[in-house]
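Heads up: the structure comes next, in structure tokens.
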Amino acid sequence: MCGRVRCTLHVHQVARACGLTSGDDASSLPARQMDRYRPSYNVSPGACLPVVRKAAVGEEAAPAIHCMKWGLVPSFTKKTDKPDHYKMFNARSESIKEKTSFRRLLPTNRCLVAVEGFYEWKKDGSKKQPYYIHFEDQRPLVFAALYDSWSNSEGEILYTFTILTTRCSAALEWLHDRMPVILGNKDSIDIWLNSCAMNFEAVLRPYEGPDLVWYPVTPAVGKRSFDCPECIKEIQLKPTGDKLISMFFTLKPAAADQSEKGGTQKPSSELSQTHYSTCSVKGEHLSNEYEEPKKDEKTVQSDDFASPKMETGQQEICGIKREFEEITADYKPKVENISSWPCSPAKKKERTTKNAGERQASLLSYFGKK
DNA sequence: CCAGACGTTGTT
DNA sequence: GTCTGG
DNA sequence: CCAGACGTTGTT
DNA sequence: GTCTGG
């Protein structure tokens with residue numbers, strides 16, 4: 001599921017992530033109600049986020065950015081009802097064609113939501129540990145979403161959206177069984193937003209790319225009022241008893257990790273994603289969505305990992321694609337550009353899947369640094 | 001026909 | 001709005 | 001989803 | 001534990 005996100009992006013970053021503009025000039029963008037947007041490290045349903053949608057009938061042809069409330073309130077909701085944004089803040093992508101509340105939105109009300117990352121809580125019995133999931137290179141995640149509008153008794157029009165979910169990627173299964181639908185490349189984005197045919201099935205799948213990474217964060221992020229860079233600061237987890245024991249009796253911990261690769265076991269790595277990344281196969285394309293950032297790749301996707309095959313007609317649509325890098329090239333992490341956060345700025349450690357192995361190779365690291 | 005629902009998540 | 005159940 | 005409450009009576 | 005509120 002996906003019930004909490006970080007979105008401190010600027011409007012032009014959202015536009016860019018969703019493939020709307022080529023430059024930083026957002027002034028020409030059709031933007032609606034953007035004054036309601038409050039960038040936040042801790043966004044939950046009920047809050048407004050910038051949404052990219054196709055222009056409504058009668059407007060300019062180009063897509064537009066529209067600030068909408070997270071948590072779908074269907075247009076048929078009684079005018080006297082109190083809108084409940086927590087009832088439908090997610091939509092199961094597997095069943096959107098059957099569910100009456102969502103099916104009617106599919107032809108014309110598909111949209112995109114761009115965020116820096118999302119939070120997921122790992123349940124351990126009665127304990128809950130939140131993790132922050134994001135792209136390693138800090139480019140925004142683009143979620144597939146659906147929107148609707150509803151008029152209340154006062155005649156005010158409320159725009160709301162719901163984020164599509166799918167089963168979890170292999171890499172994140174240890175954490176959860178559901179994840180948001182991440183449109184990992186320009187083709188997916190274009191198909192979800194612009195394809196007039198109902199041929200979007202192929203993009204509604206788990207994002208399996210190895211560049212989706214995570215780490216544990218403070219449980220304080222559970223409080224909606226806790227909104228500051230500390231939300232995304234990595235914390236050191238206390239090792240559990242069995243982890244300690246297994247470390248004592250395992251001479252080569254990395255080898256033990258490798259043995260889990262491809263298996264059904266959960267990576268015993270709630271400590272950090274880096275631990276698990278040693279399990280992924282070098283050079284193996286695990287994803288159907290992930291697009292290798294190669295400059296000269298011209299084709300839609302290599303067949304080796306293009307998974308759910310696109311029909312011939314659909315490749316036509318993919319032909320519109322531009323290089324993904326083109327729209328992500330100048331994303332930079334900009335945690336500092338919001339000046340008035342009450343908490344101290346997060347000092348995100350440089351950490352990649354490359355050096356990941358080193359970090360967990362040491363037995364000492366399991367006792368925390370002193 | 002009319003009335004009433006229309007959703008996801010997690011947990012055991 | 002549209003489908004299901006009675 | 002997570003956080004936070006979870007109750008009644010009688011008196012002023 | 002379970003319900004309500006956001």
Side-chain angles (χ1 to χ4, degrees), chain A residues 1-7 36 38 40-49 56-57 68-110 113 115 117-133 141 143-152 157-169 172-182 198 204 206 214 216-228 230-232 266 270:
Chain A
M1 81 99 216
C2 179
R4 207 70 74 89
V5 304
R6 169 199 177 187
C7 185
R36 300 184 184 186
R38 294 290 174 272
S40 169
Y41 285 89
N42 199 343
V43 182
S44 51
C48 290
L49 285 178
V57 184
M68 301 187 191
K69 262 190 178 178
W70 184 8
L72 193 86
V73 177
S75 58
F76 53 73
T77 303
K78 293 189 199 71
K79 289 190 181 302
T80 53
D81 276 3
K82 196 175 82 181
D84 183 354
H85 299 288
Y86 288 83
K87 216 152 87 178
M88 286 182 263
F89 60 87
N90 284 154
R92 293 180 68 92
S93 59
E94 298 93 333
S95 55
I96 47 175
K97 283 185 170 168
E98 283 80 54
K99 302 292 182 182
T100 57
S101 293
F102 303 135
R103 186 179 48 195
R104 55 194 198 87
L105 304 174
L106 289 175
T108 58
N109 289 49
R110 308 200 296 260
V113 177
V115 303
F118 65 99
Y119 303 96
E120 197 65 77
W121 277 258
K122 162 83 178 158
K123 281 218 163 111
D124 284 315
S126 56
K127 314 280 183 203
K128 280 177 291 186
Q129 174 58 51
Y131 289 77
Y132 178 63
I133 301 107
L141 309 175
F143 294 154
L146 292 166
Y147 75 93
D148 203 354
S149 62
W150 168 72
S151 298
N152 66 13
I157 301 175
L158 176 69
Y159 286 88
T160 59
F161 68 90
T162 185
I163 294 173
L164 270 59
T165 62
T166 182
R167 69 163 209 280
C168 241
S169 65
L172 280 168
E173 257 171 359
W174 63 273
L175 174 62
H176 225 278
D177 61 334
R178 307 290 300 169
M179 72 187 292
V181 171
I182 297 166
M198 300 279 274
L204 304 182
W214 61 86
V217 295
T218 173
V221 77
K223 290 183 196 288
R224 285 174 291 271
S225 59
F226 191 75
D227 177 16
C228 56
E230 200 186 328
C231 287
I232 60 158
K266 299 171 180 184
E270 288 114 50

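Naming convention: chains lettered A, B, ... in sequence-line order (proteins, then strands); numbering from 1 in each chain.
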A correct 5'-to-3' footprint of nucleotides 2-9 of chain B, with B, S and - meaning base, sugar-phosphate only and no protein heavy atom under 4.0 Å, is ----BBSS
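By the side chain to side chain contact (heavy atoms under 4.5 Å, CB included) test, Ser149(A) is found to be paired with Ile157(A), Tyr159(A), residues two or more places apart in sequence or in another chain being considered. Not counting sequence neighbours, the partners of Ser93(A) by the side chain to side chain contact (heavy atoms under 4.5 Å, CB included) test are Leu164(A), Thr166(A), Val181(A), Leu204(A). Checked against side chain to side chain contact (heavy atoms under 4.5 Å, CB included), Asn152(A) has the following partners two or more places apart in sequence or in another chain: Trp150(A), Glu154(A), Glu156(A). Listed by chain and residue number, nothing satisfies the salt bridge (Lys or Arg N to Asp or Glu O under 4.0 Å) test with Lys99(A) (two or more places apart in sequence, or in another chain). The side chain to side chain contact (heavy atoms under 4.5 Å, CB included) check on Asn109(A) picks up Leu105(A), Tyr147(A), Asp148(A), with sequence neighbours excluded. Taking the side-chain hydrogen bond (donor to acceptor under 3.5 Å, both in side chains) definition, one finds that Gln129(A) meets it with nothing, sequence neighbours left out.
Within the model, atoms CZ of Arg4(A) and CG of Asn42(A) stand 4.5 Å from one another, a figure rounded to the nearest 0.5 Å.
A donor atom on one side chain and an acceptor atom on the other are found under 3.5 Å apart for Arg178(A) and Thr165(A).
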Side-chain donor-acceptor contacts of residues 69-76 of chain A below 3.5 Å, not counting sequence neighbours, with atom names and distances?
from	atom 1	to	atom 2	distance (Å)
Trp70(A)	NE1	Phe89(A)	O	3.1
Ser75(A)	OG	Arg104(A)	NH1	3.2
Ser75(A)	OG	Arg104(A)	NH2	3.4

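A gap of 28 Å separates the P atoms of dT9(B) and dG1(C), to the nearest Å. Comparing the P positions of dC2(D) and dT12(B) gives an interatomic distance of 13 Å, to the nearest angstrom. If you take atom P in dT8(B) and the same atom in dG6(E), they sit 24 Å apart, rounded to whole Å.
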Pairs under 3.5 Å (Watson-Crick or G-U), crossing ones as [ ], inter-strand ones as |: DNA chain D comes out as ||||||......
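Pairs of residues two or more places apart, or lying in two chains, never qualify as salt bridge (Lys or Arg N to Asp or Glu O under 4.0 Å) while including a residue from residues 73-93 of chain A.
With a cutoff of under 4.0 Å to any heavy atom of chain A, the contacted region of DNA chain E is bounded 5' to 3' by dG5(E) to dG6(E).
Note on Gly222(A): only backbone sugar-phosphate atoms sit closer than 4.0 angstrom, heavy atoms only; bases stay farther off.
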